[in-house]
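Counting convention: from 1, in listed order, for ligands and their atoms alike. Just so it is clear, the values below take in all heavy atoms, side chains as well, and ignore hydrogens, waters and symmetry mates.
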Amino acid sequence: MNWVFTPPAPSYLEVVGTTDRYPIQRVFCVGRNYVEHAQEMGHTGREDPFFFCKSAQSVLVVDNSGTSVMPYPSQTQNLQHEVELVVTLKQGGANLSVAEAAQCIYGYAIGLDMTRRDLQAQAKELGRPWELGKSFDAAALIGPVHPNSELLDAGGIRLYINDELRQQGDLNQLIWPIAEAIAFLSRYITLLPGDVLMTGTPAGVSTLQPGDVMRAEIDGLEPIQVRIQ
Ligand code: MN
């Protein structure tokens with residue numbers, strides 16, 4: 001048996017303080033998981049969580065060696081940032097209880113769910129999928145994974161543009177906390193080791209311009225910095 005072409009190496013994340021790499025299987029994102037961001041997107045009340053995916057190939061690894069660069073994407077006039085806690089799984093399963101879901105966690109990273117907001121808005125209006133607004137080259141900017149099997153259920157989350165605070169929240173404001181979101185998703189899809197969950201963004205999303213520098217912070221994790229070019 002021969003592969004028709006050489007299969008590419010898997011997408012991966014760095015593991016903080018080591019040369020280890022965390023291989024990515026899939027990237028699931030939770031929509032509208034903070035009350036104030038749901039409101040700024042025009043929604044109220046608690047609804048079941050909903051999910052969309054970014055391809056593993058849309059991940060741009062952000063390291064702590066300086067400022068990483070994200071090329072300004074094509075086909076948009078409205079690139080926006082969403083700072084998010086990223087949860088990485090070391091094991092999966094189906095129909096997980098909340099306690100079982102918590103035990104699947106390998107660690108945490110800081111992520112930016114980059115969004116072509118104009119394409120997403122157009123897709124919403126036409127009842128079409130969000131892929132072209134959410135899953136494109138370098139649409140998921142993710143820093144090093146901090147191994148930690150404990151639940152991270154509180155702590156500040158912030159996003160600065162050119163040193164100006166734009167997004168601010170606390171992980172204790174998640175409408176669907178991490179383990180609940182994982183358990184919910186596992187009722188619909190069998191989760192796998194290497195699956196990554198971007199857990200939603202607090203209020204304050206805004207439009208970026210080339211040259212802008214984003215600095216994303218979550219208490220207890222090393223901040224990441226990315227320049228739009
Ligand atoms: Mn998001």
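The atom of E82 that is an N, O or S and sits closest to the Mn ion (ligand 1) is OE1. Distances from the Mn ion (ligand 1) to the N/O/S atoms of E84 are shortest for OE2. Residue D113 approaches the Mn ion (ligand 1) most closely through its N/O/S atom OD2.
By the rule that hydrophobic residues join a cluster once side-chain heavy atoms approach within less than 4.5 Å of another member, V87 and F184 end up as members of one cluster.
R117 has a carboxylate O that lies under 4.0 Å from a charged side-chain N of E82, or vice versa, which qualifies the two as a salt bridge. For the pair D212 and R227, the salt-bridge criterion is not met [side-chain N within less than 4.0 Å of a carboxylate O]. The pair E164-R215 fails the salt-bridge criterion, with no side-chain N (NZ, NE, NH1 or NH2) lying under 4.0 Å from an Asp/Glu carboxylate O.
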